[in-house]
Every structure is written in C-alpha cells, then in structure tokens.
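First the proteins, then the strands, lettered A, B, ... as listed; each starts at 1. Just so you know, these numbers come straight off a predicted model, no measurement behind them.
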Amino acid sequence: QIHYLAGLLIEFQNMKCVLPGANVKLFAKAIHCLAKLGHYVYFEPLDTGLALKTVNSSRSAYVSILFMKPLFQVYNAGSDIDLTVDDDNLPITRCKVALKTLLQVFKSLANIERSVETCDIDLDGDECRLVFQLKCKHGITKTHHLTFQECESLQAIFAKDLSPNVLKCDHKVLSDVVINFSSSLEEITMLVSPCKVVLRSYSDDESDEIAQLMKTEVSLNPEEFSQYQIGVDTDVTFCLKDVRAILAFCEVAAMPVNIHFEVGGKPIIFSLGHNGYFRANFVIATIATDKNSQHSNATANFTTNTTFPTTNKRSFVKPSRSKVAPKPLRKVSAQKTNAKPQPTKLPQPKDCDSINSEHDVSPEIPLQGGEQTNATRYEGFNSPSPKQPCFKNVKTVFFAATQPNDLDRTVLVLAPDSDNEDGT
Amino acid sequence: MGLLTLQNQTEDDDFALNACIENARNVTHILKAVHFKDTATVFATENGLKVTVEDSKCIQGNAFIQDQVFQEYSIRDEALTFQINLDILLECLNIFGSNNSTTTMRMMYNGYGTPLVLMLEEDGAVTDCSIRTMEAEETLDFEFTAANVVNKIIMKADCLREAFNEMDASSEVLQITMSPDPPHFRLATFGLLGQSHQDIPKNSDMVEYFECNETLTNRYRLNLLKPSVKAVNLACKVCVRVDHRGFLSLQHMIKNENGQICFVEYYCCPDEEFDEPAT
C-alpha cells in the first residue's frame, strides 16, 4: 500500500497534461513558429499553464507562449522544485528539447487537424523522457519519447507595458503588408508618427546591389489599427523573417496582434492572447543606430524605472511624452543622416554568423554613447566593455547578467520578469 | 493508336512478346512502385509480366502486371526473362510528359539478345524506343510461403502511409511488432532524437483482417524498407505478413486508372543482432 502511494506521488510530481484535439493545432502551429525562430524549446510547466519558450542563437529573438490551464483537458504542472538544489532525486520540472525533434511529432499540420483526438504530454522524470502521445482516429496512437536536457528557466527582461508606442491591429493588416517585401530581404524598418506608420525595406550594405535596386515602402493609416498610441516618433529596424514566423502563428490563432516598442536598439514586442486561455510574447531585437542612442539617453527613464509598479504606468508615461515632444525636430535631421548607412561604421567582425550580423548593433553605441547608454539600457545589465564585439551588445538586449565569456552557455538565470508575463 | 493497331496486323507473329496498352500510365505507375534500383528483371509468362528489383540481397520488390491490364497480350514461348534498365524504361514511357492525355504503348520483345522495342503514341505523335536488354541474373528466393506465415494483417494503406511518411528518418531500423495482444501492431523507430512508436489496434477501422498467432518483434533496416513507401503511397490496401524467421512481406493492392487491381510485393530480411551467439 505504501509503495503504491509512493509511486503515485512520484507520478504526481511529473508534469502531465492532455490537450484536446481542437487545441492541438494551435500547439502544433506554435511549435512550427518556434522552430522558425530558435533551436530549442524550453518547456516550463507553471501553475497557470504550460509555457513554451525559445531564444535564437544570436539572442535577438525571444518567444514565450503560454498555454493556460483551460486549454487542457487535464493539467498538472508537477511540483516546482528549485533546480539549483543539487539533488538527483528531485523530479525534473523544466526541460528543453531540440525543436527539430519536436517538429517530428507535429510534422504534418494537415494530419494533425484531420486525425488527432487528444495529445498527452508527460514529463517522465524517471525515464528522462518527454513523452508526447497523439491519440488519433481509428484507435491509432503515436507515441514519441523525446530526449531532453534539464534547464533553468529562460526569461527575457522586457517591459512592454511601459512602451510609449503601442499599436494593435488585425494580423491580416500586417500579413498583407509583409507579403509585399522581397523574400530575400533581411530587415524592415518601421517608422511611426502620430499620423502614419511606414514600413520600408532596410539594407545597411551599400554593396548589396539588389537591395539598392529595389526599395519597398508601405504606409498604413492610423485607421488600420484598433489601438494607435505613439508616444515617441521613432523608427525601428528588425528582422523580417522573424515577423513572418510570428504572423504565420497569428493566422492560426486568429487574434489581433499588439506591438509595443520604443526606439531603435530597444526590443519590439509582438504579443497576442486570449484572456485566460493563452498568451504569446515575441520579443525581437531592433537595430540600434546612432541617433537612437541619443533617443535612449533621452528616454532613459523608461528603462531605468522598470522597477516601478505597473500601476504607475499612466502617470509615468505622460511626463515622458512631454519630454520627448521636441523630438520630431531633431528627428528630421537625424533621419536624413540615417537615410544612408553610417559612414563611420566599423567593419563587422567576420566571425559573426548571419543571424548575429542581422541584428548587429552599430559600434557607435559602445564607442560614443559609451557607458551611459549601456547603464541606462536595462536594470541588471552588466555594461560590456566598449571594445567587445558588437554582437554581444545585441545579445544583451534582453538578457541581463550575461558575462561576456559565457557565450556558449544557453542556460540563463535571470531576474524576474517585471511584466509579470507568466501571468502570476 | 490507329497506327499501332495497324502495325499489329502486319507484325503480330514476329515477336516473342507483344503487348499493347491504351493507357501507358497503368504500367508506369506500377513500375514506379518498385523503382528503387536501376536494374530490373522482367519475367513474362502468359499470365502477364513480373518486374523484380532487388537491393543488397535483402530486399526485393515485385510488380505484377497481369495480362488483363493490356488490351492485347501475346507471348510465343512459355516464359521469357530479361534484364532491363528500369530508369530508361520509365523515361521512355514518360516521353510525352506526365500530362493528362493518355499515351498508347506497344511493347515488343523478340527473345534473348534482342532489344525491347516500345512504340508510344499520343495525339498522333509517335515515338519509337529501343532499349537494350541484359542477361537475366538469378533473383533471390526468399522462400516465403503462406504455410510459414505466423502473423498476417490486412489494413487500409492510409494509416501505413501516414506512419511511413512521419517516420523519424534518423532511425537506422524500423521495428515491427505484431502480436495477438495489445498493442497488436506497432511500428517503432529509434532515432537520434528519441524513440517513437505508432500503434494500430486490431479493432481499428483501418484493420480489415487480423490474424496473429504469436508475438513477433523484428527489426528491419529503414533504408532498405524506404522504397516500399513508393508502393504504399499508391496502394489502397496493404497486407503485412511475417513468417517464422521474421521475414517480412508487404503486399500492396494498387488500383489502376481502369479500376483493375494490380499487386506490388516487397520482401525484406530482418536485421540480425550482431551479439547473437553463432549456432
């Protein structure tokens, strides 16, 4: 009797959840989307639901999708035990799985939609396997025991509620815009002002003839957006491929998408969600330009004050708006110089992989803005030395306390989210 | 087609094998189901053609095209055997492209040492092909007899197709378990990324016939079995049989465009464990 109970207890501590067929498609699509952005998915069973997170190798994109309890038929997060305690007997509550593996489970979206009735997800701590069991029509079951790695919580630091600029629109509005851009285009720039939003192709490489030959620009009126709040006139440049992946996911979720952003160099956050069911945050790095470093000095209190309770948001946003009010004047001149790639730009390090260089920060920040910019960027930010390669600057756009020498470490211990984004 | 019929009246008796089909696609499809090696051995008897393809002395695919599939079929001798390059044969059959119009085909062979002559006609355009034949080598005999079959399941091809197409390609082997007890029919793979298995219970709508006498688990090289996916993709039903030695037979029932039923059969040897004591 006692043995039986003990067994039951251990089983109880492992994560176990059952996703009904109707929601498997959303889950599968989330996996497909994550696979486009990162290499590993972090499974974090929380009290509120199952969180899937990923970060790309250059750490310029971070995704967190939370599937809340009501989406599941059965949901048992397992007991959350501090993994820093070094005890092998403790059950594993978090893990990361290669997305390539997980795609194997959710390979064909058409098949999943057609035949899957339920999807069981179990974290088998004894066998060290993450088990996916798809129960399909005709009594067929597909079971996948996937290898995983233990990991610590992955958490990016961002505070979307404090963003001065908020746009909300139907995902279709953005999909229709994005489809116009060349598929080889790496980045796009979004310029916002109180009267319109302009999306234009971005290229910082003058030698790239194709990029120089064709430039695409699409303007959107504020009427296209259900929420249109521009606190700071600005332009942000970010990876188009990431946006495409996000929009593909939004299509299945069929929900409006919120965009929170500040200035270049600060992350842009795409979010969507259905109250009480699921929530997704996509944090994408933006390219920091010279003038943006000035911006970030001017708007430093957005970030340095992130410890303020979010209830202060309104009173907080207002003064900063008035503060940045004279910006447009300065911006005009800044934009003119920005129209051409920075002549002072240093050659990029050759060893940056393509993803890194995509989100390359121009070295002016560490050289000119220096410590001030870095120090004001995010709380807990360890200001890197000005001489370190530029991609490290990007890496630390979201993640606090990463040492310059632990580039290879993917496991991160990070400060708690100021946005309460895990819905506690 | 008119031309081919005309030819027929003058040359009919001159050939050891003379077959004519109005829709060459019916032949092409079946041949594609065994097209995993370039060289194929063709056996012609009065009942039709059997095309055999082998690989690594471990797997054999047989496509049967019975005489009824052809509009005309005549054979002079009792049996003819020759080897042919299947790649070239399929290319010739597809010479007018794979559009919707039908190609009429006449196939002629005049015995040992002569080429296989194909005449293809589509919308009045005629192509003559002459493909060199080769000396027929002996094909494998798997000694797979119905009497030795231990387990047999007939199922709709849909579920096997899905299973094969979703299979973890990083796995070296496919483990097939057939059992009178649950899980009845299990396909398992062991890849770099983990272990996956798919179960089909005997009471599933997909299973049409279930006769398993004992639990047998055998492993087959996945890269050897891979070609059979081509057949599964075309099939409407598949019969899976395993004999007492673990040899696997997959019989695919393929319906052609005229609604006739043809069979493609695959035989595969099980993967032997290396550490098994030698007897």
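- The greatest number of non-hydrogen atom pairs below 4.5 Å with chain A, out of B:Cys159, B:Ser204, B:Ala163, is found for B:Ser204.
- Heavy atoms closer than 4.5 Å to chain A are found in the backbone of B:Asn165, but not in its side chain.
- For B:Glu172, the CD atom sits in a loose shell: 12 or fewer heavy atoms of surrounding residues, nucleotides or ligands are nearer than 6.0 Å.
- With respect to B:Glu265 and B:Arg241, a salt bridge is recorded, a charged nitrogen being found less than 4.0 Å from a carboxylate O.
- The residues B:Asp243 and B:Arg245 are annotated as salt-bridged, a charged nitrogen and a carboxylate oxygen being separated by less than 4.0 angstrom.
- No close placement of the B:Tyr267 and B:Phe247 rings is indicated, their centers lying 6.0 Å or farther apart.
- Among A:His144, A:Lys142, A:Lys100, the residue with the largest count of heavy-atom pairs under 4.5 Å with chain B is A:Lys142.
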